[in-house]
Amino acid sequence: MENKNLTVRQTLSQIVSSAFEACGYDPELGAVTVSNRPDLCQFQCNGALSAAKRYKKNPAIIAQEVAAKLQEEPILAKAEFVPPGFLNLDVSDAYLIERACKMDSDVRLDLPCAEKALSIVVDYGGPNVAKPLHIGHLRTAIIGESLVRLARFLGHKVVGDVHLGDWGLQMGLIIEGLRAQKPELCYFDETFGGPYPSEPPVTLDDLNELYPAASARSKTDEEFKAAAQKATGELQNGRPGFVALWKHFLSLSVTDLKKSYAKLDVDFDKWLGESDAAPYVDEMLGILKDKGLSYVSDGALIVDVAKEDDEEEIPPIIIEKSDGSQLYGTTDLATILQRERDFDPDEIWYVVDNRQSMHFKQVFRCAHLAALVPEETKLMHIGFGTMNGKDGKPYKTRDGGVMRLSDLIATVTDAAREKMAESATASVLSDEEAAACAEKIGIAALKIGDLINHRTKDYIFDLDRFLASEGKTGPYLQYAAVRIHSVLEKAEAQGFTPGKLLPPASDTERALLLSLSGVGDTLLRAFSDHAPNGICEALFDLTGLFNRFYYENKILTCPDAAQRDSWLKLISITERMISLLLSLLAIQVPEKM
RNA sequence: GCGCUCGUAGCUCAGCUGGAUAGAGUACUUGACUACGAAUCAAGGGGUCACAGGUUCGAAUCCUGUCGGGCGUGCCA
């Protein structure tokens, strides 16, 4: 059998499964997990306990039979039965070293690849044109980016698409908002023959003012709202002046958004938007109609997506509003068609707030009913929870507003900068270098504050805690990386080079090797759950063990050169692993801090 | 009303398809810088896993109900 890049746990599972099989039991029972009692063993298998019922046999006997088969296994240092039916396993130090050597000689650190490379489109970001990024855009960007990087690292073919909100009612609102201010502009003159000016009629700042004002007005001013809805429809139907205006808005906005996302290290492969699905709308509507799925109800075009055995009531999806204009269901469905044509994906992931789960349920059902994608194509809503303030309610600034992303980044950067000023090593940096480091630290604080929580749950957004100089924070992880780097640099300056790995000289060292070897399982699980918090946990485990190791062993002054060089090798592997995991979370490591 | 989801240490959160003594961080108490970076490390106290039933050899985890919070529920996204 091909054993390429199996994790330690998987390797053990194979071995134990064979042992179960050899004893006449279902090999599935041989699944091995990391021990939940590290004081007793490194790995465990509980298969004998569940086998007991199936084979009507005392679990102790089964476990003992299997344990007996495992005694000769070279990679196992221990395989013992513990009542009532546990199978406790330790791997040998030699095997741990062997695996560490494999990591050392592999650019991918001996981490696993997906057994089958999938083509995956990830829809995340979802900013709106003419609306500066704010704190509400943070989770989709942070989580989405790390999922994209993880999937890609595992060998999948990934297209990350920002899916710009550039086609909905907000466009009509901005158009009407501008018309209210400058009705004389040629874009509003239906008799204007063109060409339209190449310079935008507004600045980015104007644009960022326009939308909130127009949005607020539409809530009280019915006439204005109606005009905006009409303008939205006209834009979608290609009214030249509006299209020209829209292009200006789009270009101003996208330039700005790219800068903001760059600060967060979020890189989209595609900057497509709702509007890019527009060419597919008619075709999509045609398919729905031809298949007899869509019909008019209360003036709107809808598709029933409810099923007989639904526990919850799933309302029909509205494809076209009674005024003929499109809405998010329309563009989402057309976008599915567009993605199918352009990328032929096995899976499409939507990294979007949990609150939209009903919407996606409707869209996905409709897409499958209409066979816009093959039946086996997975459409998945990767939902996430709300960021709440300390009061448990959605996070607001002190004055009750929504915090802009740029303000947020400035806040965390300033806080990091202040902390750096206290540090002797970081104070040697030039102002410019210090500013760059502070930004990396601040953003890491922000990202870990988010990613450490399970994706699906609401969490309390508490900047003070994220930026605290103690605890499970982004800076803690960066500090460990910076410190290892510093030791390795000093070693090099003294002419020491990492050498041959020796067997672990302490429990801490062994635990560090074990932790390194467990990263592969963590990544596979993070991928299958679409949940990056496991990667954070692995990072804290690694860095915590390194910090302990660092205190217990004085590497550079170690009189035994072979031991010293072995330790240098160990920490260099550790450094690479930490950097790799941080890069999967799109977190950078500063030079100094 | 109906549906979804959550409830774990004072606080913020982990806890993999059911397994052994439920774990981190923080806060609190204490100890470690004339040794590679103390944004660090070590030690201690702190729990009826909301509540009540059920399934199971075995439940924080699965099922039912109750209470409490959040969210959604046809023309915003």
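Since the structure is predicted, the reported quantities are computational estimates derived from the model, not experimental observations. Just so it is clear: chains get the letters A, B, ... in the order the sequence lines come, proteins before strands, and each one is counted from 1.
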Quiz question: going by heavy-atom distance under 3.5 Å, is there a donor-acceptor pair between the base of [N] and the side chain of [X]?
X	N	result
A:Thr33	B:C16	no
A:Ser357	B:G72	no
A:Asn88	B:A20	yes
A:Ser297	B:G74	yes
A:Tyr328	B:A77	yes

Give a yes/no answer on whether the side chain of [X] brings an N or O atom under 4.0 Å of OP1 or OP2 in [N].
X	N	result
A:Gln356	B:C71	no
A:Tyr476	B:A24	no
A:Arg483	B:A38	yes
A:Asn547	B:U40	no
A:Lys131	B:A77	no

Which part of the nucleic acid, if any, lies within reach of [X] when heavy atoms closer than 4.0 Å are counted: base, sugar-phosphate only, or nothing?
X	answer
A:Lys592	base
A:Thr386	nothing
A:Asn453	sugar-phosphate
A:Glu274	sugar-phosphate
A:Ser50	base
A:Asp298	base
A:His359	nothing
A:Gly471	sugar-phosphate
A:Ile555	base
A:Ile314	nothing

Pick the [atom1] atom in [N] and in [M], then give their distance to the nearest Å.
N	M	atom1	answer
B:G25	B:U8	C1'	15 Å
B:U17	B:G3	P	26 Å
B:G10	B:G18	C1'	31 Å
B:U26	B:U34	C1'	33 Å
B:U40	B:G54	P	48 Å
B:C49	B:C33	P	41 Å
B:U48	B:U5	C1'	25 Å
B:U61	B:C6	C1'	15 Å

Integer-rounded Å distance: [N] [atom2] and [X] [atom1]:
X	N	atom1	atom2	answer
A:Asn36	B:A59	CG	P	15 Å
A:Leu49	B:U17	CG	P	17 Å
A:Asn354	B:C4	CG	C1'	10 Å
A:Arg455	B:G15	CZ	P	12 Å
A:Lys490	B:C36	NZ	P	8 Å
A:Lys225	B:C76	NZ	P	6 Å
A:Lys457	B:C6	NZ	P	8 Å
A:Ile317	B:C76	CD1	C1'	14 Å

From [options], pick the nucleotide closest to the side chain of [X]?
X	options	value
A:Pro316	B:U40, B:G74, B:C75	B:G74
A:Lys53	B:A14, B:U56, B:A38	B:U56
A:Lys321	B:U21, B:C36, B:C75	B:C75
A:Met593	B:G15, B:A42, B:A39	B:A39
A:Leu327	B:G15, B:A27, B:C75	B:C75

Who does [N] pair with, Watson-Crick or G-U, both distances under 3.5 Å?
N	result
B:A24	B:U12
B:A60	none
B:G18	none
B:C67	B:G7
B:A42	B:U30
B:G37	none
B:G1	B:U73
B:U48	none

5'-most contact on RNA chain B: A:Arg355 or A:Val82, nearest heavy atom basis?
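In this pair, the answer is A:Val82.
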
I want to confirm an ordering. Mapping A:Gln44 and A:Thr557 to their closest nucleotides on RNA chain B, which one lands closer to the 5' end?
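Result: A:Gln44.
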
With side chains defined as the heavy atoms from C-beta onward, is the minimum distance between A:Leu293 and A:Cys366 less than 4.5 Å?
no

Student check: side-chain heavy atoms of A:Asp353 and A:Thr140 closer than 4.5 Å:
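SC-SC contact between A:Asp353 and A:Thr140 ruled out.
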
Please give me the minimum heavy-atom distance between A:Ile62 and A:Phe20, naming the atom from each residue.
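Minimum heavy-atom contact is CG2-CE2, 4.1 Å.
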
For residues A:Ser218 and A:Leu173, report the shortest heavy-atom separation together with the two atoms involved.
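So the minimum-distance heavy-atom pair works out to CB-CD2, 3.5 Å.
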
With A:Asp450 as partner, the option from A:Arg465, A:Lys457, A:Arg455, A:Arg139 fulfilling salt bridge (Lys or Arg N to Asp or Glu O under 4.0 Å) is A:Arg139

Distance only, no hydrogens: is a donor on one side chain within 3.5 Å (strictly under) of an acceptor on the other, for A:Asn547 and A:Tyr479?
no

Does the side chain of A:Asp323 come under 3.5 Å of the side chain of A:Ser325 through a donor N or O and an acceptor N or O?
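Yes, a side-chain donor-acceptor pair sits under 3.5 Å.
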
Verify side-chain contact (heavy atoms from CB on, under 4.5 Å) between A:Gln44 and A:Val34, making sure each step is shown before the conclusion.
CA-CA 6 Å; A:Gln44 66 186 80; A:Val34 171; over 6 Å; no

Before we go on, tell me: are the rings of A:Tyr124 and A:Phe384 under 6.0 Å apart, centre to centre?
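Ring centroids of A:Tyr124 and A:Phe384 are no less than 6.0 Å from each other.
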
Is A:Phe86 stacked on the base of B:A20 when the test is centres under 5.5 angstrom and planes under 30 degrees?
yes

Rounded to the nearest 0.5 Å, how far apart are CG of A:Leu210 and CD1 of A:Ile175?
11.0 Å

